[in-house]
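Notes follow once the structure below has been shown.
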Protein chains: 2
Amino acid sequence: MKQPHSHPPLSSASPASIDRTARLFRAIGDPPRLRLLALLSQGEACVSQLAQAEHESISTISQRLRVLRAENVVVRSRHGKHIHYALADRHIVELIENALAHAAERQ
Amino acid sequence: MKQPHSHPPLSSASPASIDRTARLFRAIGDPPRLRLLALLSQGEACVSQLAQAEHESISTISQRLRVLRAENVVVRSRHGKHIHYALADRHIVELIENALAHAAERQ
DNA sequence: GCTTCATTTTAACAACTGTGCAAATATGAT
DNA sequence: ATCATATTTGCACAGTTGTTAAAATGAAGC
């Protein structure tokens, strides 16, 4: 096997693509937000649950989710009185686990 | 096919891993730095070349490379009077191209 | 339908962090 | 020792984050 998937080369990415990608990385490039994603990788959860799990205020969690949602990393849906947040797609997790493995490689 | 590679699950990542990974994402989560990586994906280059390509001062480029080097995204080596920078490994490019594809997917 | 209440979001502000620029300093080839 | 190349420092500026308080959203009961 050569390449898992064939992507357009980085060198030919448009300025807009570079920008969007940078914003995506930036959104997930923060320990508190990454922790939220780790929680969500186990299944969707509402804001209060996440707040409780992180020992943070609901407001703080809501703002972190806002940043993630702005880059389409997570999606939300109402369930009765609660709003459930979930990972936008499985690829996000793969992306992070990939980076996790590489970050580990270099200590 | 199920999984391209099998990684340890995100949910079981240690705080230290989360931190390192966040720092990695943060380092590449900036358009100017991402552009440098795009240039380097075509082959190594010295600081002056990168500065010229980006229409920036050598000092500015040097600082951007410093951030990338701190997270082991790039490596440097001296070649005569010049210091060549190169991507630390091919995986970085894959990681970015992956993100690029996903960022494109969601507009 | 209107009110009430739980849940979440937003706004405003202060504290912190990162970035680029200019100038000074370091590095090492010749 | 000199010079080209690169790094570092100090500073000003812009952007981000958390906190508190106020506002919005919508479900459920009356």
Side-chain angles (χ1 to χ4, degrees), chain A residues 15 18-40 43-88, chain B residues 15 18-40 43-88:
Chain A
I18 293 279
D19 257 54
R20 255 183 282 112
T21 305
R23 286 203 311 270
L24 170 60
F25 281 137
R26 200 162 169 300
I28 63 181
D30 178 67
R33 288 195 290 265
L34 214 40
R35 282 197 303 271
L36 283 183
L37 296 178
L39 286 173
L40 292 178
E44 57 178 60
C46 72
V47 183
S48 327
Q49 288 177 314
L50 295 169
Q52 198 167 1
E54 288 289 297
H55 306 290
E56 293 276 8
S57 77
I58 289 180
S59 168
T60 297
I61 297 298
S62 179
Q63 282 191 103
R64 289 177 187 163
L65 290 168
R66 189 177 179 287
V67 173
L68 293 172
R69 208 165 72 90
E71 300 310 324
N72 298 298
V73 177
V74 300
V75 295
R76 64 179 176 183
S77 58
R78 183 169 277 274
H79 283 225
K81 287 186 180 176
H82 297 259
I83 291 178
H84 283 196
Y85 276 82
L87 297 173
Chain B
I18 294 279
D19 258 52
R20 253 182 284 114
T21 306
R23 286 203 311 271
L24 170 61
F25 281 138
R26 198 132 179 302
I28 64 181
D30 177 69
R33 288 193 291 264
L34 215 40
R35 282 197 302 271
L36 282 184
L37 295 178
L39 286 173
L40 291 178
E44 58 179 60
C46 71
V47 182
S48 327
Q49 288 177 315
L50 295 168
Q52 196 167 2
E54 288 290 297
H55 305 292
E56 294 277 6
S57 76
I58 289 181
S59 167
T60 296
I61 296 300
S62 179
Q63 282 189 107
R64 288 177 187 163
L65 290 168
R66 190 177 180 285
V67 173
L68 294 171
R69 208 165 72 92
E71 300 310 323
N72 297 298
V73 177
V74 299
V75 295
R76 65 178 176 183
S77 58
R78 184 170 276 274
H79 283 226
K81 288 186 182 177
H82 298 261
I83 291 180
H84 283 197
Y85 277 82
L87 297 173

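First the proteins, then the strands, lettered A, B, ... as listed; each starts at 1. Treat the numbers as computed from the prediction; the structure is a model and nothing was measured. Reckoned from all heavy atoms, side chains included, excluding hydrogens, waters and symmetry mates.
- Of the residues A:Val73, A:Val67, A:Val74, the one that meets the side chain to side chain contact (heavy atoms under 4.5 Å, CB included) test with A:Arg33 is A:Val67.
- A:Leu50 CG to A:Arg35 CZ: the interatomic distance, rounded to the nearest 0.5 Å, is 12.0 Å.
- Atom CG of residue A:Leu65 and atom OG1 of residue A:Thr60 lie 11.0 Å apart, to the nearest 0.5 angstrom.
- The structure places OH of B:Tyr85 at 10.0 Å from CZ of B:Arg66, a figure rounded to the nearest 0.5 Å.
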Protein and nucleotides 16-19 of chain C: nitrogen or oxygen contacts under 3.5 angstrom:
residue, atom, partner, partner atom, Å
C:dG18, OP1, B:Arg26, NH1, 3.3
C:dT19, OP1, B:Arg33, NH1, 2.8
C:dT19, OP1, B:Arg33, NH2, 2.9
C:dT19, OP2, B:Arg33, NH1, 3.4

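- Two residues are said to be in side-chain contact when any heavy atoms from C-beta on lie closer than 4.5 Å; B:Glu54 and B:Leu39 meet this criterion.
- Between A:Ala22 and B:Leu34 the shortest heavy-atom distance is N-CD2, 3.6 Å.
- At least one side-chain heavy atom of A:Ser59 sits under 4.5 Å from a side-chain heavy atom of A:Gln63.
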Enumerate all atom pairs, one protein N or O and one N or O from nucleotides 10-12 of chain C, separated by less than 3.5 Å.
residue, atom, partner, partner atom, Å
C:dT10, O4, A:Ser59, OG, 3.0

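- In this view, A:Arg26 satisfies the side chain to side chain contact (heavy atoms under 4.5 Å, CB included) rule with no residue, not counting sequence neighbours.
- Between B:Glu44 and B:His79 the shortest side-chain heavy-atom distance falls below 4.5 Å.
- Heavy-atom distances under 4.0 Å link DNA chain D to B:Lys81, B:His82, B:Ile83, B:Tyr85 of residues 79-88 of chain B, given in residue order.
- Between A:Ile58 and A:Ser48, the shortest heavy-atom distance links the atoms CD1-OG, 4.3 Å.
- To the nearest 0.5 Å, the span separating CG on A:Leu24 from CD1 on B:Ile28 amounts to 9.0 Å.
- Expressed to the nearest 0.5 Å, how far OG of A:Ser62 lies from CZ of A:Arg76 amounts to 8.0 Å.
- The stretch residues 45-57 of chain A touches DNA chain D through A:Glu56, each having a heavy atom under 4.0 angstrom from the strand.
- The structure places CD1 of A:Ile61 at 5.0 Å from CG of A:Leu36, a figure rounded to the nearest 0.5 Å.
- You'll find the side chain of B:Glu56 reaches within 4.5 Å of the side chain of B:Arg64, heavy atoms only.
- Close approach of DNA chain D to chain A, defined as any atom under 4.0 Å from a non-hydrogen atom of the protein, starts and stops at D:dT16 to D:dA27.
- In terms of modelled atom types and a separation under 3.5 Å, the side chain of B:Arg23 and the main chain of B:Glu71 share no donor-acceptor contact.
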